Novice: 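Starting off with a structure, shown below.
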Amino acid sequence: MINSKGMVAQLLGQDPGWVIALKGLLIFIFCVVLTIMAVWGERRIVARMQMRLGPNRVGIFGIIQGLADGVKLALKEDLIPKTADKIVFIIAPIISATTCFMAFAVIPLTGEVSFFGHKTVMQLTDLPVGVLYVLAIASVGVYGIVLAGWSSGSTYPLLGGLRSSAQVISYEVAMALSLVAVFIYAGSMSTSDIVVAQDRWWYAVILFPSFAIYCISMVGETNRAPFDLAEAEGELVGGFHTEYSSLKFALFFLAEYINILAVSSLATTLFLGGYRAFPGLGFTETWLGGWFTLFWFFAKVLIFFFVFVWLRGTLPRLRYDQFMQFGWKTLIPVSLAWILIVSTLRVMSDQGAPQYLIFGFAFAVVLIYLVISNYSDNAKAKLATDYKNFTPENPEFPIPISNRTEQVIQIRDEAKK
Amino acid sequence: MTKNFEDHDSNNLIPRNDEFGLSKAEQDSKFIADQAPAPLLKQLLGFWVTFKSMFKKVNTVQYPEVKEPTAPRFHGRHQLNRHPDGLEKCIGCELCAWACPADAIYVEGADNKPNENYSPGERYGKVYQINYLRCIFCGLCIEACPTRALTMTNEYELADDQRGKLIFEKEDLLAPLRNGMVKPPHPMYPNTTDENYYRGEVTSAHPSQGTVNND
Amino acid sequence: MSDQLTTTTDVTLKIDGFEVTVPKGTLVIRAAEKLGIQIPRFCDHPLLAPAGACRQCLVDISINGRAFPKPQASCTIPVENGMEVKTQLTSTVADKAQKGIMELLLINHPLDCPVCDKGGECPLQNQAMSNGNGQSRYEGVKRTFEKPVAISSQVLLDRERCVLCARCTRFSEQIAGDPFITLNERGALQQVGIYEKEPFDSYYSGNTVQICPVGALTGATYRFRARPFDLVSNPSACEHCASGCAMRTDVRRGKTLRRLAGDDPTVNEEWNCDKGRWAFKYESARNRITTPYIRDESGVLREASWPEALSEAAKLLLNAKSAAVLMGGRATLEDAYGYSKFARIALQTNDIDFRARLNSNEEREFLANARPNATYKDIDDADHVVLISFEPEDESPIVFLRILKAVTKRKLAVTVISPIKSRGTEKLKANFISASAGFELKAIEKVDGLTNRSVILIGERALETEGLLSSVEQLATSKGAKLGWIPRRAGEVAALTAGAIGNLLPGLRPVQDAKARVDVQTVWGINQLPTKTGKSTDEILKDSDVILLGGVDANDISSSAKSQLSNKKIIAMDIRFGTSTEVAHVILPVASVVEKNGTFLDWQGKPRSFESAVESLNRSDVRILSMLADEMKRPINLPTVKAAANEIAQFDKWEKSTSNWHVSGTNTENLNLGPTEAILNSWRLLLDRGSLQEGEDNLAGTARKTIIGLNRTKAEKLNLVEGELVKISADSVSISAPLKIVETEENIVWVPRNSTGAQLVSKFSKPSGIKVSVSKA
């Protein structure tokens with residue numbers, strides 16, 4: 001039973017080599033199988049949301065659809081465009097795929113279990129800076145996209161790649177900022193320690209704004225709907241993976257799904273208590289010699305996956321400038337403000353401030369928010385009325401004069417007549 | 001404020017949020033991108049809609065196990081009809097080829113020899129081809145046919161794997177020979193003209209026309 | 001329309017409020033067309049005299065304010081000053097009248113449009129839509145006839161559809177002079193009919209099919225074959241005779257389906273003959289050559305590729321002791337030019353002759369030196385036309401129509417010097433001077449009344465009498481009359497202009513003239529041209545050892561031509577297998593007329609260009625010759641028809657060179673004929689066993705029967721009865737045919753030259769002018 005910090009690191013430190021290798025292999029297989037099922041699952045779920053069945057021809061209920069897709073991709077003609085940079089072209093999907101797998105290295109899948117007679121945790125390794133490692137790996141993963149887009153030697157991939165990478169890194173910032181609150185509360189960046197720190201309250205509850213920001217930014221990070229403009233077919237053909245076919249495309253495909261699973265796993269670990277059972281069902285954690293925790297972990301990841309698919313089936317696509325604006329102008333400021341509040345409250349409680357001070361501080365924050373929002377509303381209204389009364393002779397604020405301005409003035413004058 | 005679509009300023013010079021203080025009715029009457037955003041809970045209702053529809057009855061029809069029947073006047077494969085005594089109705093006039101907007105029909109007419117008629121009257125369709133790779137199933141040819149020789153059946157399963165196989169010849173399109181019909185060429189019904197056939201006054205074959213089909 | 005000899009004054013009138021000025025005598029309907037106002041009509045035709053039979057073209061007319069009480073047929077009323085015409089566009093009375101006439105016409109018209117050949121190009125359909133009521137009020141029974149009736153093997157008559165416009169009867173009577181169809185009966189039962197004993201035996205019956213405004217007269221060949229929207233039409237030129245008719249070739253899916261007469265007022269107006277209209281099946285016949293062939297050592301023809309065949313042909317030609325070119329008279333101008341240049345540059349000889357037929361040296365001199373200058377217009381303006389050794393109805397039908405038009409309209413005087421009085425001569429109401437082949441010189445002296453407005457037309461057959469061409473030319477020059485030389489084939493004048501003959505270079509430049517040679521050398525970019533006058537056809541057949549044949553049939557040349565050819569090495573360029581390919585060592589396929597571009601020159605020398613109507617892999621003669629010359633390393637640089645045409649255009653006009661070329665004829669008065677002997681005379685009928693008419697049985701059904709024509713006195717002397725089978729023989733060769741009594745001289749027997757059972761060129765030593773014995777068969 002893991003219930004204190006540092007226990008996991010100790011446990012893992014004693015793993016013999018074969019256990020580590022086997023764990024790595026199992027994690028790899030686990031990821032790939034999950035991807036294949038995810039392909040099927042996504043298609044069927046999104047189909048049901050659209051009042052149709054998904055694929056149901058290939059196996060019973062179409063279960064091996066993902067496998068069929070994989071085989072199909074493998075058998076396709078492998079094209080490398082003439083203007084492409086061959087080496088980089090081939091390396092880019094490898095980078096993408098590899099980094100996704102690597103993110104799983106620090107995710108605790110189960111609690112303490114007996115693995116072929118050896119007592120261990122289903123986690124490949126435990127770094128004291130585990131989550132930082134994951135964020136670093138995700139940043140390296142951006143290389144895959146950027147290099148893919150550039151090395152294709154074609155305009156659409158280049159544009160798509162640039163957009164994708166810009167999007168990913170901006171949401172990474174938001175993601176990282178939202179995790180800062182978690183670190184403050186958990187006191188550690190090690191994944192297993194964070195799981196341990198959630199034995200009273202899940203961070204999804206007490207750090208709800210962080211959780212919300214993290215959920216939004218994880219969707220943006222993985223280029224999924226509604227933030228998938230960079231790879232929407234109508235906009236940029238295929239984005240950064242336009243020129244890819246056959247197995248290299250399969251790698252990107254794989255990378256995308258594993259990315260989804262990776263960020264979901266991270267969310268589970270950091271906010272939903274990892275492999276811990278739902279509140280009240282704690283007794284199940286010892287079933288099957290501890291292996292039942294895998295089920296809990298799995299269930300939470302699947303819930304996240306379902307939410308991904310739900311988002312895709314429901315929301316229309318956001319325009320690129322809209323979501324970049326959202327990421328930089330909304331998420332990050334909110335994140336920063338929240339971090340400020342959290343850290344202040346934390347310091348106050350650490351330093352033993354009385355309750356009323358803490359509540360007073362919280363109340364003040366709320367008051368300031370209301371005042372600011374009211375002021376901003378008024379400012380917007382004034383701006384609007386100012387525009388209505390705008391005359392070019394005496395502008396109250398400088399406006400760049402262009403042809404369009406004159407046209408607008410003309411249109412409005414004619415409408416007045 | 002005009003309601004004209006063209007007047008909508010797409011250049012963001014006039015800010016979108018100039019509707020503060022407007023009533024809901026005024027709001028709803030504006031161009032959709034100019035309206036204020038809905039409250040949060042209302043927006044989350046969309047998720048409930050998709051979630052709910054996961055449990056609704058699916059629209060999928062499991063073809064080919066389940067084949068939904070087609071409407072009675074469905075535009076399917078063409079058929080060249082016959083008169084009750086076996087003579088073909090098609091007179092090779094090429095009006096269907098004329099009407100076809102996709103140039104899918106090729107017709108060559110020919111002379112009926114005396115007492116060796118393929119169709120009542122002087123002229124019959126010797127070559128009749130419909131290229132189903134060009135046909136758009138619009139039915140203009142059926143509307144054009146003066147003798148109702150050309151009609152459409154409800155058969156739509158015409159997919160094939162070779163281009164040549166999808167050019168249907170006359171034999172592929174002719175209606176089958178039914179009981180009581182005589183296989184052409186054979187003489188017309190005694191003492192009739194093509195007008196009698198057209199009016200539907202010939203309802204069966206006469207023994208003098210040949211051996212009647214009985215299978 | 002209006003006779004060019006009378007002066008015209010202009011008349012101004014108003015139609016639908018628009019003013020128009022037209023020559024006096026113009027019909028109102030023509031004046032309206034000048035303004036772009038189309039008045040519906042059926043019986044009216046600009047080339048036929050007005051009839052006013054159909055009454056469709058009714059318009060409201062008033063002259064100087066005084067209106068006609070009833071609407072008038074605008075096709076019969078000539079214009080007047082101060083006339084105001086209101087057509088259906090501005091007058092409700094005229095509109096109602098036209099609608100009423102259309103309704104009446106449609107009452108008895110059968111509902112045949114789906115099965116009628118005219119559907120899609122039918123003036124009745126179009127005008128019923130534009131000027132008729134939308135609905136019929138007729139509920140009775142339509143009158144029916146038995147249909148269709150074959151009035152000849154080519155033309156089918158459907159009496160129910162006839163709108164009684166009388167265009168066909170008027171055409172046959174006025175233009176063709178063959179009044180074999182008339183309108184019989186009256187009232188609702190009026191119908192077109194033929195005279196019971198005589199079918200519609202006219203060489204121009206096809207024109208009635210073309211001018212019939214409904215589907216009453218249809219052609220049996222085109223019956224039910226296609227609809228107008230299937231056809232791709234191309235303007236083309238007729239490749240049969242030298243009349244130079246403009247044609248319209250209609251093609252469906254790469255196959256020629258019909259050829260209509262095109263509109264060229266200066267040449268064929270809107271008419272053509274049955275041969276030009278219907279004899280086109282030869283080019284899709286089964287025995288078309290599609291690949292080159294080489295005859296191997298055992299004498300068997302085997303297929304070969306183009307490079308192989310060309311190298312074999314080049315080898316033969318380069319190793320020849322004396323090579324020559326024999327081309328037929330059916331090549332286009334560009335192809336003939338190719339042959340001409342090929343002979344001079346690749347073979348370095350002048351041994352080329354386009355006269356793959358009977359020929360003579362006098363004819364060669366005549367062609368080089370005489371400059372025939374008659375045109376169709378000259379016939380229109382002539383005061384006297386003389387036809388010598390020329391049977392227009394058989395040898396150039398459009399010239400016949402032209403002369404007949406002048407005879408009908410202004411009683412032109414025609415003199416014919418010919419063995420027998422043919423039907424054409426009778427129709428022309430000509431002064432007939434009978435003269436057997438070989439004896440025309442005497443007859444020429446009987447011709448009088450020649451002025452500088454007269455036209456003398458001499459046919460190809462004149463070469464068969466020595467001295468005839470010379471004396472006719474001298475006659476024409478002395479009287480200042482216009483001379484016209486009319487060959488039988490479409491490509492002969494072009495071949496002459498291209499220099500495809502031994503004594504001429506391109507542009508009628510004599511080979512013996514140094515300045516002419518320099519001209520040609522400049523255009524061709526070479527230093528030296530062969531200076532020796534080339535051999536003629538007969539000499540080529542005798543002396544040359546390798547001959548390039550371009551569209552030649554040995555049976556056209558003489559009876560010994562085929563055996564002469566079999567002793568030589570032959571390279572045959574032809575479209576079908578025939579006599580030339582039987583003896584050839586290398587066979588190269590060429591394109592037919594519909595598959596290539598080209599230009600034909602008619603007998604006047606007027607060019608008519610045409611483009612290919614059908615896409616095919618066959619190449620034109622000039623292209624093959626260019627490839628062959630390249631293979632022989634003596635290039636002629638004419639890879640396309642356009643290149644040839646451009647080069648031809650670089651030649652300036654050559655001024656005539658005078659030289660004394662006339663030959664005096666021998667007097668063969670005394671031929672010492674026995675009582676059963678006669679002098680053989682013949683000419684080719686329009687429809688006979690010609691190879692370009694193959695494949696068209698319907699047309700062959702209208703050909704005139706083979707007969708042996710004798711004077712009545714002679715027949716009685718020999719105890720022969722008309723219709724009896726008679727034999728003529730000479731040198732152990734004989735032919736038999738039924739006897740017919742014809743108007744001719746006593747010592748003349750006449751047989752068609754190339755009809756069924758009588759192919760004279762290949763059988764007798766000469767097809768005309770020899771003694772033959774006549775007896776019962």
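Here the structure is a predicted model, which is why all the values come from computation and not from measurement. These numbers come from the heavy atoms of this one structure, side chains and all, not from hydrogens, waters or symmetry mates. All chains are named by letter (A, B, ...) in the order of the sequence lines, taking the proteins before the strands, and each is independently numbered beginning at 1.
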Novice: For A:Gln50 and B:Thr50, run side-chain contact (heavy atoms from CB on, under 4.5 Å): C-alpha distance rounded to whole Å, both residues' side-chain angles, the deciding distance at 0.1 Å, then the answer.
Specialist: CA-CA 8 Å; A:Gln50 295 164 351; B:Thr50 27; over 6 Å; no
Novice: Tell me, yes or no, whether the heavy-atom count around B:Tyr198 atom OH, taken from other residues, nucleotides or ligands under 6.0 Å, exceeds 12.
Specialist: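 No - once you tally the heavy atoms of other residues, nucleotides and ligands closer than 6.0 Å, there are 12 at most.
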Novice: Taking it one step at a time, do A:Met51 and B:Thr60 satisfy side-chain contact (heavy atoms from CB on, under 4.5 Å)?
Specialist: CA-CA 8 Å; A:Met51 284 177 65; B:Thr60 314; over 6 Å; no
Novice: A:Leu315 versus chain B, heavy atoms under 4.5 Å apart: side chain, backbone, both or neither?
Specialist: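 Looking at A:Leu315, just its side chain touches chain B.
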Novice: Within a 6.0 Å radius of atom CZ on B:Phe74, are there more than 12 heavy atoms belonging to other residues, nucleotides or ligands?
Specialist: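 More than 12 within 6.0 Å, yes.
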Novice: Which atoms form the tightest heavy-atom contact between A:Trp310 and B:Phe47, and what is the distance?
Specialist: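 Minimum heavy-atom separation between A:Trp310 and B:Phe47: NE1-O, 3.0 Å.
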Novice: Indicate the atoms forming the closest heavy-atom contact of B:Tyr63 with A:Arg57, along with that distance.
Specialist: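 Minimum heavy-atom contact is O-NH2, 3.3 Å.
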Novice: Which atoms of B:Lys57 are under 4.5 Å from chain A, going by heavy atoms: the side chain, the backbone, both sets, or neither?
Specialist: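 Just its backbone gets close to chain A.
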Novice: To the nearest 0.5 Å, tell me how far B:Phe55 CZ sits from A:Arg48 CZ.
Specialist: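 Reported to 0.5 Å precision, the distance equals 8.5 Å.
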Novice: Does A:Phe208 have more than 12 heavy atoms from other residues, nucleotides or ligands lying within 6.0 Å of its CZ?
Specialist: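 12 or below, so no.
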Novice: Can you confirm whether more than 12 heavy atoms, excluding those of B:Glu65, are under 6.0 Å from its CD atom?
Specialist: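 More than 12 heavy atoms, drawn from other residues, nucleotides or ligands, come within 6.0 Å of this atom.
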Novice: For B:Leu44, is the CG atom crowded, meaning more than 12 foreign heavy atoms sit under 6.0 Å from it?
Specialist: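 Enclosed: over 12 neighbouring heavy atoms sit under 6.0 Å from CG of B:Leu44.
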Novice: If you look at every heavy atom in A:Asn56 and B:Gln62, which pair is closest and at what distance?
Specialist: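 Nearest heavy atoms, A:Asn56 then B:Gln62: ND2-NE2, 2.5 Å.
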Novice: Has A:Arg52 got more than 12 heavy atoms of other residues, nucleotides or ligands less than 6.0 Å from its CZ?
Specialist: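 More than 12 heavy atoms, drawn from other residues, nucleotides or ligands, come within 6.0 Å of this atom.
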Novice: Could you state the interatomic distance from CH2 (B:Trp48) to OG1 (A:Thr314), rounded to the nearest 0.5 Å?
Specialist: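 That separation rounds to 12.5 Å.
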Novice: With a cut-off of 6.0 Å (strictly less than), are more than 12 heavy atoms of other residues, nucleotides or ligands near CZ of A:Phe278?
Specialist: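 Count over threshold, so yes.
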